[in-house]
Asker: 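Please see the structure below; I have some questions.
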Amino acid sequence: MAINDVYRAVLDFEEDSIAALIEKELAEGVEPGQLLQEGLIAAMDAVGKAFSEGEIFVPEMLMAAQTMKLGLDVLNPRLGDKDAQSRGVIVIGTVKGDLHDIGKNLVGMMLEGGGFEVHDLGIDVSPEAFVEGVKKYQPVILGLSALLTTTMPVMEETVKALKAAGLEQVKIMIGGAPVTRDFAEKIGADGFSADAPAAVELARSLSR
Amino acid sequence: MLNAKENGKLEQLHKASMEILGKSGIKFLLPRAVEILKSNGIRIESDVAYLTEEQLLYWVRKAPSEFKLYAENSEYDIVIGGDNVEPAPTFGAYQIIDYAGNARPALMEDFINFVKLYEANPTFKVNGGCCVQPSDVPAEHGIMLMYYAAYTHSNKCLITNSGSAEDLSPLFEMAKAAYGDDMEKWAAYPRITTIVNANSPLQFDPRMLETLITFCQAGQPINVDSGAMAGSSGPVTYAGNIALANAEVLAGIALTQMIRPGTPVMYGSTASGIDMKNAAVAIGAPGAAICFKYATLLAKYYNLPCRGGGALSDAKKPDLQAGFESMMIYKTCADNKMNFIIHAAGVLDGFASASYEKLIMDFEIIDFVNRVNREFEISDKTLALDVIEEVGHGGNYLANRHTPKHGRSEQFIAKLSVRGNAAPDQLEKNIQKRMAQLYAAYQKSVRDEAVLEKMRGIMLANGVAEGHIARINSL
């Protein structure tokens, strides 16, 4: 099956050939939505599973996600409204005072790999800037990242700022090395994830 | 490389050992051994041999500086000597201790399980011996049954038990069933090895001397070993303990060369110390590490291959103590190029016990140490200057292609160590998972049925119960 080539290309990190492979499939009349679901997203699901089982490692998962992203760039303009809408929008960022972004970027790439449309507000993002971002992109989920115990309180400030702005409908997921499930509950976040593949699962359940 | 201080120390230790050999002498508690020494011009008084430095070095220099040991599968043939370091199974533990610290007698099933785990670990090219001492077979048949169990379950180089001439006779008959009667060929392609321990201080007992003579006559390598314990069977001071052990080992090696010049032999050491508080043996102590280090230095000083060490511990269960002691002793030995490391995995409780979980932990220790000692390569690819430029300030290397490309080969991929997001019991889970993987990877050797039939015949003729043989075949 030709879609299988796209699926394999993601698993084999074929960054250089994924775009051409997708063009070829599209030219042969394969539906863009089918290439997305059965090729790219299915491959990233397999990657997430292999990671959870310890078979592949973080840098390899990232390579797969990058490959997926390159494929997605080709596919995006061809996706119909239905396919585009089915991909939930997520806004992410590292909270104010914190310049760490490796984990946040990893989660962002995996979320894209999981089929979400991700808008990354970057690092050192103030609660006000998060509010602005949510208003602008209208996400289903907002993801907050912090690596420092000293910046974790800013997560709580951000949750409060969203409520104050009347944006309670946005689900909030948080993560980062010192962040715990208990902390998430305490500050009124909707979910916590300990690693990137679990963040994809969490985002799926929150966006349902 | 030796530093000047160590060089000076080795001279001092050598001179002291020569003085011990000349003044106190070594007692050989077997008339046949005494005869051999006497016929080679060694001064004997009663059963004590007094070797001069000249005599000793004349014989010791006949021993090869390295030799090859041959496995059933030639992929596992090993060179013992030089800078080569080969881990080998533990030896002689009579109990199994579980993860919680409960002890029970070791069984033949444990012996075979250990053989399977060593066999499935590609880091090991040596198997068998007395990796645990099975309590469910008669002691007098243990030598034959353990060899049969190892031969039927391993393709690697095999250690055997030591024993009296009478004990060893059926063992050698069994080995001849596998490798033929041509003793010249045997000597040219050594197949089995064992341990000959001095009975410190300053003596060799009859059983060990019979092992020494039997193996040397067959051209099979042995390691002549001293287990002098500083404070009980040797002086409490390391200089004295090491000089004593050195004298014992060299005297034994001289005898091997009188029996068959050129016979491969290892300079062995299990010299250690005792715990001053309770006089218990202390094999996981810094003192043991010092003794092993000097065993390697002295062996290399005499241009001999060396055996010693292990992932040794006195811990009563596979716990924190087991971890830190084992790593210290194994790494000291590997860093100093101990050529043949019996007890490389599984032992604790001062040699008395073995543990499945510790066996798996020690496998990881060995792989850690091997990785450290392999260091790193410098090339354009590994310096990665283009990648450093590409990632730039404040970027990250996780998402750069260079990382997955070299990650698995450059970074050590731990099988046990717990990092990142994990539950507190993850280490135990990792140990069990690794053990299950090794059992699953284990493949039983395919053996010539005619050879096995001969071996079984020899065992039956020597009084071994059929049930014990059948049990081994079923495992």
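Values below: every heavy atom of this structure, side chains too, minus hydrogens, waters and symmetry copies. Chain A is the first sequence line, chain B the second, and so forth, proteins listed ahead of strands; every chain is numbered from 1.
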Asker: Would B/Arg408 count as a cation-pi partner of A/Phe57, with NZ or CZ less than 6.0 Å from the six-membered ring centre and within 45° of the ring normal?
Answerer: yes
Asker: A/Met63 and B/Ala399: which non-hydrogen atoms are nearest, and at how many Å?
Answerer: SD-O, 4.3 Å
Asker: Is chain B contacted by the side chain of A/Leu99, its backbone, both, or neither, given a heavy-atom distance below 4.5 Å?
Answerer: neither
Asker: For A/Glu28, is the CD atom crowded, meaning more than 12 foreign heavy atoms sit under 6.0 Å from it?
Answerer: yes
Asker: Side chain, backbone, both or neither: which part of B/Lys433 has an atom under 4.5 Å from a heavy atom of chain A?
Answerer: side chain
Asker: Just wondering, are more than 12 heavy atoms of other shown residues or ligands nearer than 6.0 Å to CD in B/Gln411?
Answerer: no
Asker: Answer yes or no: are there more than 12 heavy-atom neighbours, outside A/Lys136 itself, under 6.0 Å from its atom NZ?
Answerer: no
Asker: Give every donor-acceptor pair under 3.5 Å between a side-chain atom in residues 168-177 of chain A and any protein atom, sequence neighbours left out.
Answerer:
none

Asker: Just verifying a value: how many Å separate A/Ile102 CD1 and B/Leu398 CG, rounded to the nearest 0.5 Å?
Answerer: 5.5 Å
Asker: If you count every heavy atom of other residues, nucleotides or ligands that lies below 6.0 Å from B/Asp380 atom CG, does the total exceed 12?
Answerer: no
Asker: Once you round to the nearest 0.5 Å, how far does NZ of B/Lys405 lie from CD of A/Glu60?
Answerer: 13.5 Å
